[in-house]
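Just so you know, ligand 1 is whichever comes first in the structure, and atom 1 is the first atom listed for that ligand.
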Amino acid sequence: MTDQTAVLVEGLRKSYGGHTALAGLDLGVRAGTVHGVLGPNGAGKTTAVRILSTLLTADGGRAEVLGVDVLGHPERVRPLIGLAGQYAAVDERLTGRENLEMFGRLYRLRPRTARARAVELLERFDLAEAAGRQAKTYSGGMRRRLDLAASLIMAPAVLFLDEPTTGLDPRSRQAMWRVIADLVRDGTTVLLTTQYLEEADQLADRISVIDGGRVIAEGTADDLKRQIGGDRLEIVFAAGDDLAAAAAVLTRLGAGTATASAEECRVSVPVSGAEVLAGVVRSLDEIGATIVDVGLHRPSLDDVFMALTGHGAAPGGEGAGPARQAPPEPRTGSDDDVGLVKA
Ligand SMILES: Nc1ncnc2c1ncn2[C@@H]1O[C@H](COP(=O)(O)OP(=O)(O)OP(=O)(O)O)[C@@H](O)[C@H]1O
Ligand SMILES: [Mg+2]
């Protein structure tokens with residue numbers, strides 16, 4: 001890890017017609033690290049990544065990759081970067097190996113070099129056995145890995161990953177996390193967008209939380225959690241009728257305003273320590289609320305996100321998938337599972 005800035009974004013602006021997608025975005029990514037850009041649907045993540053990877057022009061502001069001005073010299077930036085997009089860009093009719101060789105040829109590698117690089121990457125991404133099969137028979141996780149492999153044909157110094165695990169099941173997601181961690185260990189700088197708070201928590205050295213096309217918070221996962229401070233007391237009730245009265249009790253005894261979730265029969269409130277617990281249980285007993293479960297939690301990034309934006313990162317909160325569902329994949333008997341988005 002060095003102190004060199006690999007990606008620098010200052011005041012980046014982009015509108016589509018009258019609609020502002022980026023409203024003065026600032027980012028700084030240190031070389032050799034993973035930087036997470038965390039934001040809900042429509043926050044501007046893909047727009048930022050497309051500008052940084054020269055696929056889209058900005059309306060204003062500054063963007064540099066390894067000191068090269070992206071807006072002024074896109075052709076000098078392209079050899080430095082790789083991009084794996086939100087939707088895997090693989091050719092369905094080609095086999096895994098052919099897909100990678102094709103990318104190699106697009107980058108003007110000699111046929112033999114392209115073939116060797118394809119074999120190496122298929123091996124690395126656990127696709128060697130499936131190398132001879134058409135990509136349309138691949139599961140969601142396999143496609144994502146193939147797409148990522150394609151972005152690495154030229155061993156780029158800086159890699160942009162736009163929601164690399166959206167729609168993948170937990171096991172495929174963890175496989176992808178290991179791959180990304182390995183790349184960074186080998187010196188690649190990764191800028192990764194995600195809606196999964198857990199993903200940012202696991203992978204990112206630093207996180208920029210964005211909403212409405214600008215950064216609303218920045219720091220390590222711990223920094224962000226500290227920002228909203230304290231623990232969180234969560235109480236689950238037997239019946240929904242108790243929620244309003246319980247929320248009033250928790251707001252009185254806790255360290256902030258309690259929030260209630262009707263469908264989960266749950267009320268939660270920030271607290272400054274476990275001492276409050278006995279008093280809360282006593283007061284809830286007095287109002288006749290039946291408690292099913294009590295938990296004291298350290299803040300999660302989800303709480304951070306709620307506190308910062310007033311809404312969850314993904315519909316349904318942490319662990320829930322994004323609204324969009326991956327297209328159905330044909331099952332192939334592979335042990336790599338199709339991405340299922342939890343409701
Ligand atoms: N080609 C386009 N034309 C018009 N509006 C667009 C276009 N692309 C994006 N937008 C709008 O710009 C905003 C930012 O979109 P963007 O795709 O960058 O968000 P995102 O953070 O990647 O969202 P998601 O999590 O859904 O992928 C959104 O409000 C979106 O509707
Ligand atoms: Mg996007």
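If you number the atoms of ligand 1 from 1 as listed, the ones under 4.0 Å from a heavy atom of P40 come out as 21 (O), 25 (O). Shown in contact with H19 at under 4.0 Å from a heavy atom are these atoms of ligand 1, numbered in order with element: 11 (C), 12 (O), 13 (C), 28 (C), 29 (O). Every atom of ligand 1 with a heavy atom of A21 under 4.0 Å away is listed here by number and element: 12 (O), 13 (C), 14 (C). Residue-ligand proximity, T46 to ligand 1, at heavy-atom distances under 4.0 Å covers atoms 17 (O), 18 (O), 20 (P), 22 (O), 27 (O).
Residue contact annotation: T46 places an N/O/S atom under 2.8 Å from the Mg ion (ligand 2).
Residues L55 and V49 share a single hydrophobic cluster, defined by chaining ILVMFWY side chains whose heavy atoms lie under 4.5 Å apart. No single ILVMFWY cluster, assembled from side-chain heavy atoms under 4.5 Å apart, contains both L8 and V29. Put simply, L161 and L80 are part of two different groups of oily side chains (I, L, V, M, F, W, Y) that touch within less than 4.5 Å, one to the next. No chain of hydrophobic side-chain contacts below 4.5 Å, direct or via other Ile, Leu, Val, Met, Phe, Trp or Tyr residues, connects V90 to F160.
No part of A48 comes within 4.0 Å of ligand 1, judged by heavy-atom distances.
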Next on the checklist: Checking L109 against F103 for the side chain to side chain contact (heavy atoms under 4.5 Å, CB included) test, could you report, in this order, the C-alpha distance in whole Å, the side-chain angles of both residues, the deciding distance, and whether it holds?
Outcome noted: CA-CA 9 Å; L109 293 181; F103 273 96; over 6 Å; no
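Atom CZ of R214 sits in a sparse spot, with 12 or fewer heavy atoms from other residues, nucleotides or ligands closer than 6.0 Å.
At a 3.5 angstrom cut-off on N or O pairs, G39 does not count as close to ligand 1.
Ligand 1 has E163 within reach: a non-hydrogen atom of the residue lies less than 4.0 Å from it.
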